Amino acid sequence: MRIKQILAQGRGGEEYAVSGWVRSVRAGKGVAFIVLNDGSCLGGIQIVVDSLLPSFPQIVRLGTGSSLAVAGTLVESPATGQRFELAAASVTIYQDAALDYPLQKKRHSFEYLRTIAHLRPRTNTFGALFRVRSFLAQAIHQFFAERDFLCVHTPIITANDCEGAGELFRVTTLDLAAPPRIKGEVDFSADFFSRSTGLTVSGQLEGELFALAFSDIYTFGPTFRAENSNTSRHAAEFWMIEPEMAFADLAADAALAEEFFRYLCRRVLDECGEDMEFFNSHMDTGLIQRIRKVADSTFQVMEYGEAIVQLRRAKVPFVYPVAWGVDLQTEHERYLTEQVADGPLFVINYPREIKAFYMRGNDDGRTVAAMDLLVPKVGEIIGGSQREERSDLLRQRMAEMGISEEGLWWYLDSRRWGSCPHAGFGLGFERLIMYLTGMENIRDVIPFPRTPRHAEF
RNA sequence: UCCCCAUUAGCUCAGUCGGUAGAGCAGGUGACUGUUAAUCACCUUGUCCGUGGUUCGAGUCCGCGAAGGGGAGCCA
């Protein structure tokens, strides 16, 4: 039985068997205490071993990290600290962890733990983190399932860099030492796919195609960017959630984003209580209060033009100057959501020059139907738009931005027969986790982070 | 990619004015105890990131390099 279940619903006097890894051994002459953890919850179960047990001499020498199976009787604990403990009748040692086990019974730095990413899931912080991550992944699928959204697996290998969203990782089977060439250029027609391919930077374009068949869809999958970004917020491989709705405009898009974000805040507070308390006390003491506030609030909406007015009126000095037409920096976003709105804020209708080609042109001719959801402490967390469904305007915009129609003929086809208004947004899964746990480095919210120069494990 | 900070024991760090390195934890031994990252006593552990230089002498000062962290840009 899992330790979480026993601690929650175990009954005193009954027999239970658990398996897990040793967190701590405290040995005395007549009795030894083992804290055993199996990953099912933050805390472990206290195992009490009497010195009369034949394996007692081995047990008191067990190192942190050893793997055990224990069978015994659940009894009410006479000491404070835990309600129940397991009085061991038998202890089976799978493997005693030697003293060179890198995790000690003390606090380690995140930097150090990254160098032992294969072992860090056995720590309190990463145990809590990956339980929350798993819960959120399932909650996301649930949210969309409850609303009849189709889950679509868009391709990971792609031939198009859809929005120029970043450098593509190349996928090839060509001999790198001596690739076939034509006129000096690498001849990708000889490659596996008979063309140049890479790893996807977004599933959105394919998602749109499915929205135009199933009405409401979402993707939730890995995404890759070969940018040389060395920051706490960027990874070369990350997971992204991208819903897309047919017959929806920007307002409907923002409404979905709000419902979605508040749903996840609520669920994680309601159902990851123990782990969230841990983050609240160890990472960020304002965490639960902040998330609760978001879960209960109605998000405000502000036009980009109004945002610029507000920023220019601000008494705070900004590093980056503000004028109509510039993209908002993190400092601007935080000012708007923290000082002006004091809560989550949608900024909508951005200048077309700073946004992607597929965003729908507004009637004013200079803005597009884009929206960013800004939240306190972070800034932008969701970005979305209504898509340009009018074929002529879309092609015109692509021409202006120098995007070739050739590789996107299938995307343009979606605007030829039965095109309709549609909208969607993207949410970086790791950034969501960072927001909800207070963890400050993206490398610490993904099991085995891939960043420039790092693909270990 | 740019700017800044740091790299010393297994881990977290201190190291004064340039004079051959120290603490806590971990580990070992023992004691003690229904313990709670147990406690107490004693003990072990070093390519001071690498490299070149200045100097009688470099963990300490200077150059180069490497890897790390933070911030920025780009973004999710």
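Below, read A as the first sequence line, B as the second, and so on, with proteins coming before strands; counting in each chain starts at 1. Remember, predicted model here, so these are calculated numbers, not experimental data.
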> Which nucleotide in the list U36(B), G70(B), A72(B) gets nearest to the side chain of T231(A)?
Replying inline: A72(B)
> Nearest to the side chain of Q82(A), which nucleotide is it out of U35(B), G73(B), G70(B)?
Replying inline: U35(B)
> 5'-most contact on RNA chain B: E111(A) or M240(A), nearest heavy atom basis?
Replying inline: E111(A)
>> My validator wants the stems of RNA chain B: runs of 3 or more consecutive Watson-Crick or G-U pairs, both distances under 3.5 Å, written as range with range.
In response: B:1-5 with B:68-72, B:10-13 with B:22-25, B:27-31 with B:39-43, B:49-53 with B:61-65
>> Please report the distance, rounded to the nearest Å, between CZ in F238(A) and C1' in C74(B).
In response: 12 Å
>> Rounding to an integer number of angstrom, what distance separates C62(B) and U16(B) when you compare their P atoms?
In response: 14 Å
> Which pairs count as side chain to side chain donor-acceptor pair (under 3.5 Å) when at least one residue sits in residues 114-128 of chain A, sequence neighbours excluded?
Replying inline: R23(A)-N124(A), Y101(A)-R122(A), R114(A)-D444(A), R120(A)-D444(A)
>> Given 3.5 Å as the limit, does a donor-acceptor pair link the side chain of T437(A) with the main chain of M439(A), or not?
In response: yes
> What pairs meet the salt bridge (Lys or Arg N to Asp or Glu O under 4.0 Å) rule with one or both residues in residues 366-376 of chain A, with sequence neighbours excluded?
Replying inline: K355(A)-D372(A)
> Is the phosphate of C13(B), meaning OP1 or OP2, less than 4.0 Å from a side-chain N or O of R107(A)?
Replying inline: no
>> Without decimals, in angstroms, what is the distance between I34(A) CD1 and A38(B) C1'?
In response: 15 Å
Grab the N/O contacts between the protein and nucleotides 49-51 of chain B below 3.5 Å, and write none if there aren't any.
none

> With sequence neighbours left out, what residues match R397(A) under salt bridge (Lys or Arg N to Asp or Glu O under 4.0 Å)?
Replying inline: E400(A)
>> Please classify the nucleic acid contact of S232(A) as base, sugar-phosphate, or nothing, using heavy-atom distances under 4.0 Å.
In response: sugar-phosphate
> Within the structure shown, what part of the strands sits under 4.0 Å from T115(A) by heavy-atom distance: base, sugar-phosphate, or nothing?
Replying inline: nothing
> Over how many whole Å does the gap from Y320(A) atom OH to C2(B) atom C1' extend?
Replying inline: 10 Å
> Below 4.0 angstrom from OP1 or OP2 of G71(B), is there any side-chain N or O of R233(A)?
Replying inline: no
>> Say we look at U45(B) and G28(B): how far apart would their P atoms be, to the nearest angstrom?
In response: 16 Å
> P atom, G73(B) versus G53(B): distance in rounded Å?
Replying inline: 42 Å
> Which part of the nucleic acid, if any, lies within reach of I381(A) when heavy atoms closer than 4.0 Å are counted: base, sugar-phosphate only, or nothing?
Replying inline: sugar-phosphate
>> Measuring only the C1' atom in each nucleotide, how far is A23(B) from G15(B)? A whole number of Å is fine.
In response: 10 Å
> Can you tell me how far P in G70(B) sits from the matching atom in G10(B), rounded to whole Å?
Replying inline: 24 Å
>> Test side-chain contact (heavy atoms from CB on, under 4.5 Å) on E303(A) and N349(A); report intermediate values, then the result.
In response: CA-CA 6 Å; E303(A) 292 277 336; N349(A) 297 327; 3.1 Å; yes
>> What is the distance, to the nearest angstrom, from the CD atom on E380(A) to the P atom on C74(B)?
In response: 11 Å
> With a 6.0 Å cut-off on ring centres, are F318(A) and Y335(A) close enough?
Replying inline: yes
> At under 4.0 Å between heavy atoms, what does A235(A) touch on the DNA or RNA strands: base, sugar-phosphate, or nothing?
Replying inline: base
> ring-ring contact (aromatic ring centres under 6.0 Å, His included) with F135(A): which residues, sequence neighbours excluded?
Replying inline: none
>> Does S229(A) reach a base, just sugar-phosphate, or nothing at all? Heavy atoms under 4.0 Å.
In response: base
> Hey, does H234(A) reach any base, or is it just sugar-phosphate, or nothing, if we go heavy atoms under 4.0 Å?
Replying inline: base
> For RNA chain B, whose closest nucleotide is more 5', that of R114(A) or that of S109(A)?
Replying inline: S109(A)
> The side chain of R453(A) lies closest to which of these nucleotides: G34(B), U35(B), A67(B)?
Replying inline: A67(B)
> Residues two or more places apart in sequence or in another chain: which of them pass side-chain contact (heavy atoms from CB on, under 4.5 Å) with V31(A)?
Replying inline: F33(A), V48(A)
> Among the nucleotides U35(B), U1(B), C74(B), which one has an atom lying closest to any side-chain atom of N228(A)?
Replying inline: U1(B)
> With the sugar-phosphate defined as primed atoms, P, OP1 and OP2, and the base as all remaining atoms, what B/S/- string results for nucleotides 23-32 of chain B, 5' to 3', for protein heavy atoms under 4.0 Å?
Replying inline: -BSSS-S--S
> If the P atom of U12(B) is compared with that of C17(B), how far apart are they to the nearest Å?
Replying inline: 27 Å
> Separation of L432(A) atom CG from C75(B) atom P, in whole Å?
Replying inline: 21 Å
> Stepwise, does the side-chain contact (heavy atoms from CB on, under 4.5 Å) test hold for V294(A) with F261(A)?
Replying inline: CA-CA 8 Å; V294(A) 170; F261(A) 200 73; 3.8 Å; yes
> Which residue pairs satisfy the side chain to side chain donor-acceptor pair (under 3.5 Å) criterion with at least one member in residues 126-144 of chain A, sequence neighbours excluded?
Replying inline: R131(A)-D275(A), R133(A)-E430(A), H141(A)-Y218(A), Q142(A)-R267(A)
> Which residues satisfy the salt bridge (Lys or Arg N to Asp or Glu O under 4.0 Å) test with E15(A), sequence neighbours excluded?
Replying inline: none
>> Taking any heavy-atom pair under 4.0 Å as a contact, classify N441(A): base, sugar-phosphate, or nothing.
In response: sugar-phosphate
> Tell me: CD of E237(A) to C1' of C75(B), nearest whole Å?
Replying inline: 17 Å
> Do the ring planes of F429(A) and F220(A) sit parallel (below 30°), tilted (30 to 60°) or perpendicular (above 60°)?
Replying inline: perpendicular
>> So, using salt bridge (Lys or Arg N to Asp or Glu O under 4.0 Å) as the criterion, who are the partners of E258(A) when residues are at least two apart?
In response: R262(A)
>> Give me the distance, rounded to whole Å, that separates U60(B) from G50(B) when you measure between the P atoms they each carry.
In response: 10 Å
>> Distance check needed: C11(B) P versus I116(A) CD1, whole Å only.
In response: 10 Å
>> OP1 or OP2 of G34(B) versus the side-chain N and O atoms of Q46(A): is any pair under 4.0 Å?
In response: no
> Is R23(A) touching bases, backbone alone, or none of the nucleic acid, heavy atoms closer than 4.0 Å?
Replying inline: nothing
> Think R26(A) has a side-chain N or O under 4.0 angstrom from the OP1 or OP2 of U35(B)?
Replying inline: no
> Which pairs pass salt bridge (Lys or Arg N to Asp or Glu O under 4.0 Å) with one or both residues in residues 68-83 of chain A, sequence neighbours excluded?
Replying inline: none
> Whole-Å distance between C74(B) P and F224(A) CZ?
Replying inline: 24 Å
> C1' atom, C11(B) versus U51(B): distance in rounded Å?
Replying inline: 27 Å
>> Are more than 12 heavy atoms, taken from residues, nucleotides or ligands other than F210(A), located less than 6.0 Å from that residue's CZ atom?
In response: no
>> By the 4.0 Å heavy-atom rule, please label Y112(A) as base, sugar-phosphate, or nothing.
In response: sugar-phosphate
